[in-house]
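So you know, we letter chains A, B, ... as the sequences are listed, proteins then strands, and number each from 1. Note that the structure is predicted; figures quoted are calculated from it, not measured.
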Amino acid sequence: MDFGFSDEQQEIQRTARELLAARYTPAKLRELAESRSYDDAIWSEIRELGWPGIAIPEEYGGQGLGMVELVILCEELGYVCAPSPFLSNAIAGLVISEGGNDTQRARWLPGIASGEALGAAALDPNDPALVADAEGAAVLVLPVGDDGGLVEAKEAEIEPLELIDATRSYARVGARDAEPMPVETGLYRGMVAVAGELVGLSQKALEMAVAYAKEREQFGRPIGSYQAVSHRCANMLYDVEEARSLTYYAAWCADAEPESVMLAAHMAKARASDTATSVTNAALQVFGGIGFTWEHDLHFLLKRAEVMSQILGTATQHRGRVAELVGLG
Amino acid sequence: MDLTLTAEEQAFRDEVRAWLEENHPGPAPTTGDQDLFEFEREWQRRLHAGGWAGITWPKEYGGRGATLIEQAIFGEELARAKAPRPANVLGLVMGGPVVIAHGTEEQKERFLEPILSAEEIWCQGFSEPESGSDLASLKTRAVETNGGYAVTGQKVWTTFAHEAKWCMLVARTDPEVPKHKGLTYFICDMEQDEVDVRPLRQITGEAEFNELFFEDAFIPAENIIGGVGNGWNVAITTLMHERAGLGASAALGLRQALDAVIELANERGAAADPIVRDRIARLKIGVEGLRLGALRSLTQQMKVGVPGPEGSISKLQWADTHQAMAELAVELGGVEALKSGSPWAYRYLRSRANSIEGGTSDVLRNIIAERVLGLPRLR
């Protein structure tokens with residue numbers, strides 16, 4: 001038994017962390033969020049590294065790795081709150097890989113893997129659905145009836161939507177004539193990817209709060225020396241680590257023990273959603289007034305945490321499913 | 001990342017499981033503390049005969065030299081089989097490892113084997129009425145006398161004191177130096193008139209613990225562990241020792257308890273209540289979070305020698321989850337669960353101590369803040 005990353009997985013993590021820290025600097029994040037846009041040069045670099053196809057089978061041009069590797073990338077992208085179409089494209093890739101027929105897979109997965117013809121996936125079951133990065137995508141995965149379907153983006157009605165999270169592009173998407181495709185298995189994997197992003201952004205908020213608690217002085221000493229503050233930080237670590245353990249486990253289940261993925265994904269998404277909202281809020285409390293200003297970077301994390309904790313099921317909804325799965329009649 | 005057991009780990013688990021099936025002593029007697037103690041002592045003898053007492057101890061000292069993963073597997077299997085605890089649990093998890101780490105060859109020769117066989121029971125004399133979380137402030141004095149030390153003072157929260165032959169005793173040998181530096185770690189013979197044991201009744205009505213009164217109790221110099229004035233370091237290693245498998249087996253115990261709570265919710269017709277469902281789902285997430293965090297920490301410890309930050313939260317997770325579970329259970333159980341002697345009432349009351357015993361949740365948060373997050377100390 002080995003509940004740690006392999007050498008190769010650690011290498012992926014280190015490469016991602018170094019590259020993303022260099023590219024998505026706080027100044028860059030602010031610039032992109034203020035203009036609600038992405039950076040094409042960074043995205044090209046990400047494509048060259050093969051990240052969009054990390055979990056897509058090699059026969060479709062992907063790297064053929066698994067959910068654990070994808071979650072590693074999502075966590076690092078979440079840590080820098082990267083404005084990028086990565087996540088929505090990855091979820092579309094997971095859904096088409098799991099639920100698509102041979103024709104659908106052959107038609108769409110290569111573009112998703114290379115990033116040349118992106119996919120985007122609905123993040124709620126409504127009609128019209130909330131979709132991240134629908135604009136600029138070639139193919140959309142949408143809810144249809146009780147299940148899902150595929151539609152070419154040019155056939156869909158895409159209405160841009162400004163959510164509080166300015167680091168990602170959102171739209172309402174309605175479509176007629178979607179090709180039916182089962183989406184459930186893929187969406188379980190999608191939930192785990194989102195949980196990975198939530199863990200990463202929670203980790204970042206924790207680190208920001210702890211750094212501030214060490215340097216900010218009031219009443220003649222660092223505020224982090226007061227237990228009201230230090231215990232809040234300890235609780236943040238508690239939340240982040242528990243969410244992380246559950247998320248890595250769910251990713252591993254998706255790769256190695258598919259029969260366990262349903263319960264594991266519900267637990268991970270529930271815990272990561274709660275963690276992201278509570279940790280970003282706790283960080284704001286540690287920062288005090290400065291954290292409430294537009295000029296401070298924390299609000300980018302707090303807003304993305306709030307949006308991502310609600311999509312693909314809220315924590316309460318996921319706990320409802322956990323209750324069913326543990327045998328409450 | 002691979003959470004399946006290797007072929008060797010699986011073989012180990014199968015061996016443990018088969019042995020437990022063959023040797024499980026059945027339900028514990030309910031005819032009083034003395035009968036229970038004898039039952040647990042007999043159980044430890046059987047474990048020892050099978051080579052399962054002190055599995056974490058090195059082979060040269062009569063243990064099994066088990067890896068951290070094997071310890072976790074062993075703990076999980078004991079919990080799964082609802083096996084009793086061995087009578088000499090403190091000797092096995094604290095006393096023995098401390099003698100192995102800090103003791104002389106003569107001390108190892110003298111003390112180790114009777115710990116494994118449960119012939120000599122050990123207790124722990126650390127906490128005092130005035131020194132709980134602030135252990136280093138303890139006041140029990142040890143004054144040099146002919147060939148040894150004379151100990152005077154009071155200890156509290158001492159489990160098994162009335163059965164114990166030996167007490168791991170930390171006492172102040174030098175009151176002139178800073179508080180951490182004047183302490184010495186002794187092994188004190190409990191079979192002398194100068195040691196008085198009085199049971200301490202707790203809110204459950206039972207007396208798991210005792211108070212100890214020392215009045216010029218004699219300890220020969222050869223029973224000092226780790227040298228005079230080194231007691232704090234020795235005590236700290238005791239407390240950190242061999243905790244590796246604990247989180248995983250504690251989580252398994254909670255899993256079993258949660259199954260019973262789910263059954264209770266179904267029986268009591270509360271399973272459709274959305275708030276009950278939400279609370280149970282939270283408990284499930286807490287239990288699995290504890291288990292997975294413990295396993296992650298174990299992997300980290302095996303790879304780099306020290307547990308990761310996720311290990312530092314296990315005790316908090318366990319206390320929080322167990323207390324919340326017991327609160328829900330007594331609520332679901334209604335008046336039946338509130339009757340004195342009901343198992344749920346007992347669990348509710350006993351779990352109140354979980355956030356106090358073995359490091360209070362508040363002190364653990366201090367430790368996480370200071371040692372894991374690097375926040376400044378208040379003091």
Side chain, backbone, both or neither: which part of B/E288 has an atom under 4.5 Å from a heavy atom of chain A?
both
Any B/L375 side-chain heavy atom under 4.5 Å of A/C233 side chain:
yes
Do B/N266 side-chain atoms and A/G327 backbone N/O form a donor-acceptor pair below 3.5 Å?
yes
Can B/R277 and A/E324 be said to form a side chain to side chain contact (heavy atoms under 4.5 Å, CB included), step by step?
CA-CA 8 Å; B/R277 297 173 76 83; A/E324 272 170 49; 3.4 Å; yes
Enumerate donor-acceptor pairs with a distance under 3.5 Å from any side-chain N or O in residues 190-201 of chain A to protein atoms, sequence neighbours excluded.
| unit_1 | atom_1 | unit_2 | atom_2 | d |
| --- | --- | --- | --- | --- |
| A/E197 | OE1 | A/R168 | NH2 | 2.7 |
| A/E197 | OE2 | A/R168 | NH1 | 2.9 |
| A/E197 | OE2 | A/R168 | NH2 | 3.4 |
| A/E197 | OE2 | A/R304 | NH1 | 3.2 |

Pick from B/R291, B/M302, B/K303 with the largest number of heavy-atom pairs that fall under 4.5 Å of chain A:
B/K303
First locate atom CE of B/M1, then atom CD of A/Q9, and finally report the distance between them rounded to the nearest 0.5 Å.
6.0 Å
SG on A/C253 to CG on B/L3, rounded to 0.5 Å:
7.5 Å
So which part of B/R279 gets closer than 4.5 Å to some heavy atom of chain A, the side chain, the backbone, both or neither?
neither
Can you tell me which portion of A/R244 sits under 4.5 Å from chain B's heavy atoms? Options are side chain, backbone, both or neither.
both
Please report the closest heavy-atom contact between A/G4 and B/T299, naming both atoms and the distance.
N-CG2, 3.7 Å
Chain B contact via A/E207 - side chain, backbone, both or neither, heavy atoms under 4.5 Å:
neither
Based on non-hydrogen pairs under 4.5 Å, which of B/A272, B/A265, B/G374, B/P274 is most in contact with chain A?
B/G374
Mind listing the closest non-hydrogen atom pair of A/A234 and B/I368 along with its distance?
CB-CG2, 3.9 Å
Just how far is it from atom CZ of B/R365 to atom CG of A/L237, taken to the nearest 0.5 Å?
11.5 Å
Non-hydrogen side-chain atoms of A/W252 and B/D2 separated by less than 4.5 Å:
yes
Name the region of A/V68, side chain, backbone, both or neither, that has any atom closer than 4.5 Å to a heavy atom of chain B.
side chain
Is the closest side-chain heavy-atom distance between B/T4 and A/M1 below 4.5 Å?
no
Residues of residues 260-275 of chain A with a heavy atom under 4.5 Å from any heavy atom of chain B, in residue-number order, are A/L263, A/M267, A/A270, A/R271, A/D274
Correct closest heavy-atom pair for A/P222 and B/P376 would be CB-CG, 3.7 Å
Answer key: most heavy-atom pairs under 4.5 Å with chain B among A/Y226, A/Y248, A/Y238, A/F5 is A/Y238
Minimum-distance pair of heavy atoms, taken over all atoms of B/I262 and A/V326:
CD1-O, 3.6 Å
Closest approach of B/R377 to A/S225 (non-hydrogen atoms, all atoms of both residues)
O-CB, 3.9 Å
Nearest atoms (heavy-atom pairs only) where B/G293 meets A/S245:
CA-OG, 3.4 Å
What distance separates B/I285 CD1 from A/H318 NE2, expressed to the nearest 0.5 Å?
10.0 Å
Check the surroundings of atom CD in A/E217: do more than 12 heavy atoms from other residues, nucleotides or ligands lie under 6.0 Å from it?
yes
Any residue of residues 316-325 of chain B which, by heavy atoms, sits under 4.5 Å from chain A
B/L316, B/Q317, B/D320
So what's closer than 4.5 Å to chain A heavy atoms on B/D259: side chain, backbone, both or neither?
neither
Output the distance between atom CG (A/D2) and atom CG (B/L5), rounded to the nearest 0.5 Å.
12.0 Å
Determine whether a donor-acceptor pair (N or O, by modelled atom type, separation under 3.5 Å) exists between the side chain of A/K214 and the backbone of B/L373.
yes
Which distance, rounded to the nearest 0.5 Å, do you find between the NE2 of A/H231 and the CG of B/N366?
3.5 Å
The criterion is side chain to side chain donor-acceptor pair (under 3.5 Å); which residues satisfy it with A/E306, sequence neighbours excluded?
A/Q310
Just so I understand: if I count every heavy-atom pair under 4.5 Å between each of B/L364, B/V276, B/L295 and chain A, which residue has the most?
B/L295
Please indicate whether B/E130 has more than 12 foreign heavy atoms, meaning atoms of other residues, nucleotides or ligands, lying under 6.0 Å from its CD.
no
Worked check of side chain to side chain contact (heavy atoms under 4.5 Å, CB included) between B/L298 and A/F3:
CA-CA 8 Å; B/L298 213 60; A/F3 199 171; over 6 Å; no
